[in-house]
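Written below as structure tokens is the structure these notes are about.
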Amino acid sequence: MGSVGSGGQAVRLDAVRKVYGKGSAAVAALDGVSIAFGHGSFTAVMGPSGSGKSTFLHCAAGLDRPTSGSVTVAGQDLAELSENALTKLRRERIGFVFQAFNLLPTLTVRQNITLPLRFAGKRADRLRIAEVIARVGLTERAGHRPHQLSGGQQQRVAIARALAIRPAVLFADEPTGALDTRTAADVLGLLRESVTADGQTIVMVTHDPVAASYADRVVFLADGRIAGELMAPTVDAIAERMTHLGAFDDAPRRGLGGSASTGGVR
Ligand code: ADP
């Protein structure tokens with residue numbers, strides 16, 4: 001691997017540490033994470049509760065700044081940006097999809113989808129919007145409001161909204177967490193399709209081995225560090241790794257220190 005320039009990579013983290021709290025109460029939520037996500041790759045990030053997944057996502061997406069180390073998105077070192085410039089980069093280059101759909105109830109599907117473009121001060125390219133709405137299969141529903149749609153359809157609107165800006169990377173945080181199995185498969189198939197057909201880059205945090213199996217690669221976190229990865233992952237292989245990491249135990253694991261009393265992890 002060596003030191004590759006950021007040209008071929010949508011996102012790159014180098015020796016990222018994130019420490020919460022001070023002194024004896026300090027917790028290293030991320031403890032030296034280095035990883036890159038190539039353009040057009042679909043990666044799932046998994047790990048036990050408390051392993052650092054949310055912190056990872058927040059740092060990688062420029063929602064939070066690491067204590068040390070660097071994060072590069074679309075060739076830009078985020079540490080070099082002022083808060084305003086970082087906000088602008090997030091709006092223009094980064095897409096987000098969360099478990100909650102976060103659609104505005106008074107706006108139509110099309111208006112919800114074009115909203116981020118307006119925030120970014122860009123004109124909505126009609127063709128691009130029509131393309132994105134077609135991609136998520138909602139052409140017939142473009143004039144509907146969120147309450148007229150099913151949960152799966154609402155999440156598809158949220159995905160279209162994220163894709164409309166042509167983000168360098170789409171971060172998804174448990175995107176199917178609120179959906180039933182069949183609808184989840186539909187949404188995951190859509191994410192997969194945006195990677196395969198459009199070369200979209202996706203980084204998705206999930207605890208669900210089935211969801212993760214749609215990715216090209218699964219990266220495992222444990223105690224704030226990368227604890228391995230799987231390429232072309234199968235559901236069984238993912239579930240086995242997660243079991244070894246203690247992810248399916250009831251007891252949540254903590255970042256650093258204080259975990260000795262958790263017990264019963266193996
Ligand atoms: P995950 O998303 O995998 O559950 P998190 O990134 O939320 O993990 O948390 C990783 C570790 O950092 C945990 O030990 C958690 O308690 C700690 N942590 C996360 N956010 C904060 C915070 N704002 N203040 C203090 N500790 C935090």
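Note that the coordinates shown come from a computational prediction; the quantities given were computed from them, not determined experimentally. In listed order, ligands and their atoms are each counted from 1.
In this structure the side chain of Lys18 never reaches within 4.5 angstrom of the side chain of Phe56, judged on heavy atoms. Looking at Leu63 and Phe96, their side chains come closer than 4.5 Å, going by heavy atoms from C-beta outward.
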Note to self: Please determine whether salt bridge (charged side-chain N to carboxylate O under 4.0 Å, His left out) holds for the pair Glu83 and Arg65, giving the CA-CA distance in whole Å, both sets of side-chain angles, and the decisive distance to 0.1 Å.
What the structure shows: CA-CA 10 Å; Glu83 282 308 315; Arg65 293 190 186 267; 2.9 Å; yes
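In the candidate list Pro48, Ala25, Ser51, Ser54, Ser54 is nearest to atom 2 (O) of ligand 1, counting heavy atoms. Scanning Gly52, Ala26, Gly50 for the heavy atom closest to atom 4 (O) of ligand 1 points to Gly50.
Taking a 4.0 Å cut-off on heavy atoms, Ser49 registers as neighbouring ligand 1.
Near Lys53, with a cut-off below 4.0 Å to any heavy atom, the atoms of ligand 1 are 1 (P), 2 (O), 3 (O), 4 (O), 6 (O), 8 (O).
Atoms OG1 and CD1, from Thr139 and Ile133 in turn, are 7.0 Å apart once rounded to the nearest 0.5 Å.
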